[in-house]
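Quick caveat: nothing in here was measured; it's all calculated off a predicted structure.
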Amino acid sequence: MVSPKVQEALAKAQENPVIGYKTLLNSLDDFSPPEARSTDLKAITDDLFAASHGVVTTKAVLSDLINVLKNSQNHESWIDVGTHIVRAISSTPSLSSSLVDQASALRELIATAHETNEDFLAAAKILAEIPLDSSQRRVSDREKAKIWIRIVRNHLEEDDSTTAETYLNKLKNVMHKVGDTDPEMMLHFKLSAARIQDSNRQFLQAASSYHDISFSPSIAEEERLHTLSMAIKCAVLAPAGPLRSRALGRLHKDERSAGLEEYGILEKMFFDRLLSSDEVEKFAQSLAPHQLAKTSDGSTVLARAVVEHNLLSAGRLYTNIGFDELGLLLGLDGDKAEETTAKMIEQGRLTGSIDQIDRIIYFEMGEASGEHGSGHTTAQVGKEIRRWDSNVQALAEDVERVTDLLQAEFPDFVATQIAV
């Protein structure tokens with residue numbers, strides 16, 4: 001119920017609206033008790049729009065009303081009263097086009113309240129209603145970027161990377177104009193891009209982005225180490241191959257990495273050492289839900305990354321290995337081990353060849369190029385045979401050399417043995 005003093009003040013305000021409303025709003029603490037404040041502010045709004053005072057008067061009073069609402073520091077009131085005022089503006093076509101700035105300011109206020117209440121989806125939705133490309137209102141690139149970056153961050157808090165990426169793409173068109181003069185906004189932009197890459201399982205790109213951010217002087221040391229930790233996690237989860245090896249190398253060279261919990265698994269992967277199930281399970285406990293999501297074949301992103309890494313490690317240990325033996329090493333059946341190996345060879349992430357008749361995998365020495373189809377060629381099979389022939393020839397030549405030495409030193413003994 002509207003406070004009696006407010007009702008009385010509203011009746012007097014009609015004589016001189018600008019002064020009357022302003023006096024009421026400036027003395028609202030005397031007219032309206034705290035528990036009735038939201039109700040009274042909505043009543044003032046309804047009275048203002050019902051009286052049809054015109055654009056100039058309405059705009060002036062509305063600006064004062066928004067300031068009073070903002071200064072109240074009551075987030076629930078910001079949402080309740082702010083939403084009520086926005087609806088009142090929208091339902092008055094004759095004034096709505098002239099009150100775009102006021103409606104935008106209210107939406108930002110409402111969004112801030114939702115963010116404080118951790119209702120990030122509601123905050124993103126109300127911010128998206130702010131007109132940024134309207135002919136009735138000129139908005140600077142800086143203001144556009146400010147709103148879009150908030151929308152992106154709110155959607156990321158809701159794990160909605162798809163919608164967040166839509167607004168990030170809009171941001172890309174203006175960040176080059178405002179980023180140089182606003183390092184903090186540029187930092188938020190880069191961090192949001194990294195989080196989207198992470199959510200979309202573009203782990204190599206995310207690792208590089210997080211690593212770059214970890215050197216930023218604009219954030220505290222604790223935050224820099226956190227982003228470095230995220231970079232290591234993404235590098236570990238990336239598809240095994242030469243590109244990931246380079247990413248692991250950069251992170252391993254970073255002296256700060258040695259102080260992080262993830263350093264153990266980083267070091268093992270960098271040196272192509274086999275990972276145990278206990279190490280993998282411990283690492284999994286530090287991952288975000290999307291990093292533990294299942295892939296199309298039913299395995300998790302982490303499980304696939306570990307299998308591929310251990311397969312590369314096996315290639316460093318063995319010249320060749322049977323399907324079933326490799327499967328035992330990877331924790332897979334023989335056919336699945338062959339399928340995984342074939343896929344990595346085809347994608348250029350592993351060099352070798354597969355003998356499906358004898359069920360043997362031959363690993364090639366050296367690092368794969370990372371180019372599709374470069375892991376296996378028909379020439380590699382011939383190369384393996386030529387290397388075998390070369391080894392046999394070298395052995396025969398060594399035997400002949402020993403025989404010649406014996407002939408020179410012990411001719412009688414050699415003659416006897418040859419005769420036999």
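Across all their heavy atoms, Ala145 and Val174 have their closest contact at CB-CG2, 4.1 Å. Closest heavy-atom contact between Phe203 and Leu237: CD1-O, 3.7 Å. Smallest separation of non-hydrogen atoms from Ala314 and Phe363: O-CE1, 4.2 Å. Gly82 approaches Leu106 most closely through the heavy-atom pair CA-CD2, 4.2 Å.
The line from CD1 of Ile149 to CG of Leu191 is 9.0 Å long, rounded to the nearest 0.5 Å. The CG atom of Leu69 sits 10.5 Å away from the CZ atom of Arg37 when rounded to the nearest 0.5 Å. A distance of 9.0 Å separates CG in Leu24 from CG in Asn26, rounded to the nearest 0.5 Å. For the atom pair CD of Gln202 and OG of Ser208, the computed distance is 12.5 Å after rounding to the nearest 0.5 Å. Atom CG of residue Leu109 and atom CH2 of residue Trp78 lie 5.0 Å apart, to the nearest 0.5 angstrom.
Remark: the Glu279 side chain and the Ser276 side chain contain an N/O donor-acceptor pair separated by less than 3.5 Å. No side-chain donor-acceptor contact under 3.5 Å links Gln285 and Glu281. Inspection of the Gln197 and Ser209 side chains reveals an N or O donor paired with an N or O acceptor under 3.5 Å.
A donor-acceptor distance shorter than 3.5 angstrom exists from the side chain of Gln73 to the backbone of Lys70, with no hydrogens or angles considered. At distances below 3.5 Å, at least one donor-acceptor pair connects side-chain atoms of Arg256 with backbone N or O atoms of Ser214.
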For salt bridge (Lys or Arg N to Asp or Glu O under 4.0 Å), just list the numbers for Asp182 and Arg142, CA-CA rounded to whole Å, side-chain angles, deciding distance to a tenth of an Å, and then say yes or no.
CA-CA 9 Å; Asp182 195 332; Arg142 181 185 176 82; 3.1 Å; yes
Assess whether salt bridge (Lys or Arg N to Asp or Glu O under 4.0 Å) is satisfied between Asp80 and Lys42, documenting all intermediate values.
CA-CA 9 Å; Asp80 183 23; Lys42 288 191 284 187; 3.2 Å; yes
Determine, step by step, whether Asp198 and Arg195 satisfy the salt bridge (Lys or Arg N to Asp or Glu O under 4.0 Å) criterion, reporting the C-alpha distance in whole Å, the side-chain angles of both residues, the deciding distance to 0.1 Å, and the verdict.
CA-CA 5 Å; Asp198 187 356; Arg195 291 179 63 185; over 6 Å; no
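At a threshold of 4.0 Å, the pair Glu221-Arg224 counts as salt-bridged, since one of the basic side-chain nitrogens sits closer than that to a carboxylate oxygen. The residues Glu115 and Arg150 are annotated as salt-bridged, a charged nitrogen and a carboxylate oxygen being separated by less than 4.0 angstrom. Using a 4.0 Å cut-off between a side-chain N of Lys or Arg and a carboxylate O of Asp or Glu, Glu308 and Arg349 qualify as a salt bridge.
Taking 4.5 Å as the limit, some side-chain heavy atom of Tyr318 sits within range of a side-chain heavy atom of Leu329. Counting heavy atoms from C-beta outward, Ile89 and Leu62 have side chains that approach closer than 4.5 Å. Looking at Ser63 and Gln102, their side chains come closer than 4.5 Å, going by heavy atoms from C-beta outward. Counting heavy atoms from C-beta on, the side chains of Thr83 and Ile126 never come closer than 4.5 Å. Using a 4.5 Å cut-off on side-chain heavy atoms (C-beta onward), Ser257 and Leu228 make contact. No side-chain heavy atom of Arg87 sits under 4.5 Å from any side-chain heavy atom of His84. With contacts defined as side-chain heavy-atom distances shorter than 4.5 Å, the pair Leu127/Arg107 does not qualify. Under the 4.5 Å side-chain criterion, counting only non-hydrogen atoms from C-beta, Leu171 is in contact with Val152.
Residue Glu222 places its CD atom among 12 or fewer non-hydrogen atoms of other residues, nucleotides or ligands, all under 6.0 Å distant. Summarising the local packing, CD of Glu184 is surrounded by 12 or fewer heavy atoms from other residues, nucleotides or ligands at distances under 6.0 Å.
Here Asp324 pairs with Arg359 under the side chain to side chain donor-acceptor pair (under 3.5 Å) rule; sequence neighbours left out. In this structure Thr341 satisfies the side-chain contact (heavy atoms from CB on, under 4.5 Å) test together with Leu311, Leu326, Ile345, Leu350, Ile354, Ile361, sequence neighbours excluded. By the side-chain contact (heavy atoms from CB on, under 4.5 Å) test, Thr92 is found to be paired with Phe49, Ser94, Leu95, residues two or more places apart in sequence or in another chain being considered.
Using bins of under 30°, 30° to 60° and over 60° for the plane-to-plane angle, the ring pair Phe215/His211 lands in the tilted bin. Ring geometry for Phe271 versus His252: interplanar angle over 60°, hence perpendicular rather than tilted (30 to 60°).
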